[in-house]
Amino acid sequence: MEYAYDDQNIFAKILRGEIPNKTVYENDHALAFEDIAPQAPVHVLIIPKGAYVSLDHFARDASPEEQVGFMQALAEVCRITDVAQGFRSISNTRVHGVQDVPHYHMHILGGRQLGRMLQG
Ligand code: 5GP
C-alpha cells in the first residue's frame, strides 16, 4: 500500500509551530496536546513527529526509536492526565474509520464513563 503524506495537514502545521496547541507532553519523537473539541474531560491527541498518515503506516515504517518514543509519550499522557479509572485509545483510520486529519494520531479519552465501544 502507498501512503501519501500531505504536509499541509493541520497537525503538520502544529508540529512546525504554525498553529498553537496546548501541549500536554513532548519528547524527541512524539507530541501530545489537547483536542480542540474535547469529547470527554480528558481528550488528548498523541502524534508522531515523523510524516506518517495513519496507524498502519506508522506501524509499518516508523523506526523502533519512533515507536518506543510514541509509546513512552502515551505512558506520560496517562500519568499526567491521571486516568487511573481507565480510558479509551482510538486511532481513526481512512474512510471507514472516519479519519479527518491525515497525520497519524491517537486519541486518549477519559475522565468519565465512556459507554460501549461502538454506537452503531
Ligand atoms: P480524527 O477524526 O482525524 O480522528 O480526529 C481529528 C481530531 O483533531 C478531532 O478530534 C478534532 O477535534 C481535532 N482537531 C482538528 N483540528 C485541530 C486543531 O487545530 N487543534 C487541535 N488541538 N485539535 C484539532
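What you see is a predicted model; the values in this text were computed from it and never measured. Every number for a ligand or one of its atoms is a count from 1 in the order of the listing.
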Check for a donor-acceptor pair, side chain of Arg88 on one end and backbone N or O of Gly115 on the other, with a separation under 3.5 Å. yes
Of the options Leu55, Ile46, Asp56, which is the one that meets Ser91 in a side chain to side chain contact (heavy atoms under 4.5 Å, CB included)?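 When Leu55, Ile46, Asp56 are each tested with Ser91, the side chain to side chain contact (heavy atoms under 4.5 Å, CB included) holds only for Leu55.
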Quick one: nearest non-hydrogen protein atom to [atom], plus distance?
atom	result
atom 8 (O) of ligand 1	Phe11 CZ, 3.4 Å
atom 22 (N) of ligand 1	Glu34 O, 2.9 Å
atom 19 (O) of ligand 1	Ile10 CG1, 3.6 Å

Using distance alone, decide if ligand 1 has a nitrogen or oxygen within less than 3.5 Å of any nitrogen or oxygen in [X].
X	result
Gln99	no
His43	no
Ile14	no
Gln39	no
Ile19	no

Among Arg60, Glu66, His105, His57, find the one that has a side-chain hydrogen bond (donor to acceptor under 3.5 Å, both in side chains) with Tyr52.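 Going through the options one by one, the only one that passes is Glu66.
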With a heavy-atom distance limit of 4.0 Å, tell me whether Ile36 approaches ligand 1 through its side chain, its backbone, both, or neither.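 Both the backbone and the side chain of Ile36 come within reach of ligand 1.
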Does only the side chain of Tyr104 get under 4.0 Å from ligand 1, or the backbone, or both, or neither? Count heavy atoms. neither
Which heavy atom in [X] sits nearest to a heavy atom in [Y], and how many Å separate them?
X	Y	answer
Ala59	Gln67	O-NE2, 3.3 Å
Gln99	Val53	NE2-O, 2.8 Å
Ala30	Ala73	CB-CB, 3.8 Å

Could you pull out, from Thr23, Asp35, Asn21, the option with a heavy atom nearest to atom 7 (C) of ligand 1?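 Minimum heavy-atom distance to atom 7 (C) of ligand 1 goes to Asp35.
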Between the candidates His103, His105, Met106, which shows the shortest non-hydrogen contact distance to atom 5 (O) of ligand 1?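 That would be His105.
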Mind running side chain to side chain donor-acceptor pair (under 3.5 Å) on His103 and Tyr5 for me, showing each step along the way? CA-CA 8 Å; His103 180 112; Tyr5 185 81; 2.6 Å; yes
Less than 4.0 Å is my threshold; does some heavy atom of Ile90 fall inside it relative to ligand 1?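 Contact check Ile90 vs ligand 1: negative.
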What do you reckon, does His107 put a non-hydrogen atom under 4.0 Å from ligand 1?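 Within the 4.0 Å threshold, so yes.
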Sub-4.0 Å atoms of ligand 1 with respect to non-hydrogen atoms of [X]:
X	answer
Asp100	1 (P), 2 (O), 3 (O)
Phe33	21 (C), 22 (N)
Val98	2 (O)
Ala37	12 (O)
Asn92	1 (P), 2 (O), 4 (O)

Walk me through whether Tyr104 and Tyr3 qualify under ring pair (Phe, Tyr, Trp, His ring centres under 6.0 Å). CA-CA 11 Å; Tyr104 171 47; Tyr3 298 103; over 10 Å; no
Are Phe70 and His29, when compared by the centres of their aromatic rings, separated by less than 6.0 Å? no
Quick check: are there more than 12 heavy atoms from other residues, nucleotides or ligands sitting under 6.0 Å from CD of Gln8?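 Enclosed: over 12 neighbouring heavy atoms sit under 6.0 Å from CD of Gln8.
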How many angstroms lie between atom CZ of Arg94 and atom OG of Ser54, to the nearest 0.5 angstrom?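 So the CZ of Arg94 and the OG of Ser54 are separated by 5.0 Å.
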Do Ile10 and Ile19 come close enough that some side-chain heavy atom pair is under 4.5 Å?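 Yes - at least one pair of side-chain heavy atoms lies under 4.5 Å apart.
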